[in-house]
Amino acid sequence: MEVLSHILDGFLLIMQPYYLFAVILGVGIGILVGAVPGLTSSVGIALFIPITFGMDPLFALALMAGIDNGANYGGAVPAILLRIPGTPSAVCTTFDGHPMAQKGLAGYALKIGALSSASAGMMSAIVLLLLAPSLARITLSFGPAEYFWLSVLGLSAVAVLLGTDPIKGMLSAAFGLLIATVGSDMVTGYERFTFGSLEMIEGFPLVVVLVGLFALPAAWRAIETSTGETKNDLFAMLRGNGEFVWPWRRLTTTIMKSTGVGIFFGILPGVGGTAAGFIAYNEARRSSPNPEDFGKGEPTGVAAAEAANSAANSGAMVPALTLGIPGSASAALMLGVLIIHGLQPGPDLFSDPNGVIWGYMWAMFFASLMLLASGGQVATRVFGQVLRLPPLILMPIIISMTFIGSYTITQGTFHVYVMFAFGLIGYAMDRLDFPTAPLVLALVLGDKAESSLRTAMLLGQGDPMTLIARPLSLAIVAIITFILLFPLLRAVRDRRKRLRGES
Amino acid sequence: MTFSQDRIAAIVLILFGGCAYWVAQTSLPSRAGAMPSTVAILIMALAAVLLLRPSRNVGKEQENETFAASWPRLLKAVALTLLYFAVAVPLGFVTATFLFIVSIAFLAGYRNIRFLFASALVFSVTAKIVFGQILGLRLPEDLIVNLLLGAMV
């Protein structure tokens, strides 16, 4: 009953025009960001975090929820019109979305994308509202040792399972942990790696690192590869002239099934929307009466991909809000936003008397609803046009936004240069296939992991066995061991398969 | 053993981990230095694996993508960004942003000058009004713009 009352309070809170405006604004910004190839929801969130400083936390979170969901759908716009996925999770949308556009059905493909994203997003937001509070209660029995292992679990899962190379993922996480130690040590007060600089005493501000890592590399890359041409043929493509009959029954089944896939894989740390999109797409093709139509402009192919990646979005927030383990890069950023606004993941988050988190979860729902209202017509008539903006003008504007974000934190240029340095690091990491999400997560979890470890050791009078004294700790350690051994087990399995194939 | 980008990255990371370890050991007491030292060792160990393992040929390497698609364009973009950050305070936000957008787009090959000047002007002035006036964020003051506005008044 208590949960239901919180859900109702959160609903009444988000229904205030001020917060609904934040959601609508966020969705608009998100679709614009997602529609530009190379700019992901992470870039959008990172760019707008600094601007939300000093704002009402729920307004900031509602804005971010809008950006997150909007960008997720926005990625479908260039995927359908240009066969360029605006965001990585829109890869599968290109398979059938672009062939539909070539048949003169671009407008319908965009509408199917919006409908699928919106329905899946709303269903997964409801799952988030119902599942997260009960899952958070589990953490009530956690002590410092469990919290330490939970941080290690989150880092291992994201480092090993996200990206193509576990070693690079782990290096990225370790690098983030080292950066998290910069600044005054919380126990002894010693300054670590500050080199006498007063600005470094509190460490690197999370927001500066996020803006540098995500926004600058994307802008530089776009300037580097842009030809300066604009796509003038998009108007004609958007108008379309193909005949289309809505396959409502098949669409409904596909959306429901793909939403389930998206939520499940979204909750698993490190799997995320891209993988969920592929799995749902393959399942839709497998169970279709006409699998041969997939890849040639099959509407349910677009629906499967879009529903799964949108559902994964809210799914990824379930472990982020409850355990502090985000399921994806954008969830890691959202976790950062929560922490910046003074909200810590765990059971306390759900008993907050201001009800901010309940409002946020409803914001995820309404952001999806806005997609339904605006995604079809508006995306067709307005947001598709964003692709006509020359990237050579758009990208310096984004760089200028990064300046605004990092300069206004302290009214000084020190953090602007820190952001620039992280931009260079982010660019190198991107080009060398080092995932950035583990670094972000290590920055978010680093302090907590270290303080939990030190408290646990203090309570155990320096005995390291304290860390595995309770069955709960042992269970988490067992999961960590499995995750760390997972790439090895996968390699052995692949090798066996290959040998069997050869023989 | 080919000297791939991964191996260069591994060497940089080993050096970085080594420096971090040395600083933690020499300038921090054991309680404050334990965590950074442990993480530095972890970085060196993982980087050593990256350096010594056979080339995996996955990801961008597999797709034959080079580090930079165009070094001159990348260096220009990075250098102009740094210059913009350096002059934004002395020149002021509107002036520096206008010059930055125009110069970076022009140097990268954009030639619709009228549209470029208009977009740069509209963004820099709108951003100053929205962020500086409406949202109350303090952005670097523009000496030239203030002088012009003063002369007009």
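We use all heavy atoms of the structure for the numbers below, so side chains are in, but hydrogens, waters and symmetry mates are not. Each chain gets a letter, A, B and so on, in the order the sequences are listed, and its residues count up from 1.
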Side chain, backbone, both or neither: which part of [X] has a heavy atom under 4.5 Å from chain A?
| X | result |
| --- | --- |
| B:T97 | side chain |
| B:P140 | both |
| B:F106 | neither |
| B:A32 | both |
| B:A120 | neither |
| B:F85 | both |
| B:L80 | neither |
| B:L28 | side chain |
| B:A86 | both |
| B:L74 | both |
| B:V78 | both |

Residue part contacting chain B, namely of [X], when any heavy atom lies under 4.5 Å:
| X | value |
| --- | --- |
| A:V416 | both |
| A:T188 | side chain |
| A:A219 | neither |
| A:F193 | side chain |
| A:T402 | side chain |

Top contributor to chain A contacts, counting heavy-atom pairs under 4.5 Å, from [options]:
| options | answer |
| --- | --- |
| B:L46, B:N112, B:I104, B:L139 | B:L46 |
| B:L42, B:V102, B:T81 | B:T81 |
| B:L82, B:V89, B:L137 | B:L82 |
| B:P36, B:A105, B:A77 | B:P36 |
| B:G132, B:P29, B:A24, B:S27 | B:P29 |

Look at the rings of B:Y84 and B:F100 and say which category their plane angle falls in: under 30° parallel, 30 to 60° tilted, over 60° perpendicular. parallel
In this structure, which one of B:F123, B:F117, B:F93 forms a ring-ring contact (aromatic ring centres under 6.0 Å, His included) with B:F98?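 By the ring-ring contact (aromatic ring centres under 6.0 Å, His included) criterion, B:F98 pairs with just one of B:F123, B:F117, B:F93: B:F117.
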State whether A:K168 and B:D6 are salt-bridged, where the test is any N-O pair (Lys NZ or Arg NE/NH1/NH2 against Asp/Glu carboxylate O) under 4.0 Å. yes
What pair of heavy atoms forms the shortest contact from A:S406 to A:M419, and how long is it? OG-CE, 3.0 Å
Quick check, are the ring centers of A:F175 and B:F16 under 6.0 angstrom apart?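 So the answer is yes for these two rings.
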Among A:E191, A:M170, A:M186, who wins on heavy-atom pairs under 4.5 Å with chain B?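 Ranked by contacts with chain B, first place is A:M170.
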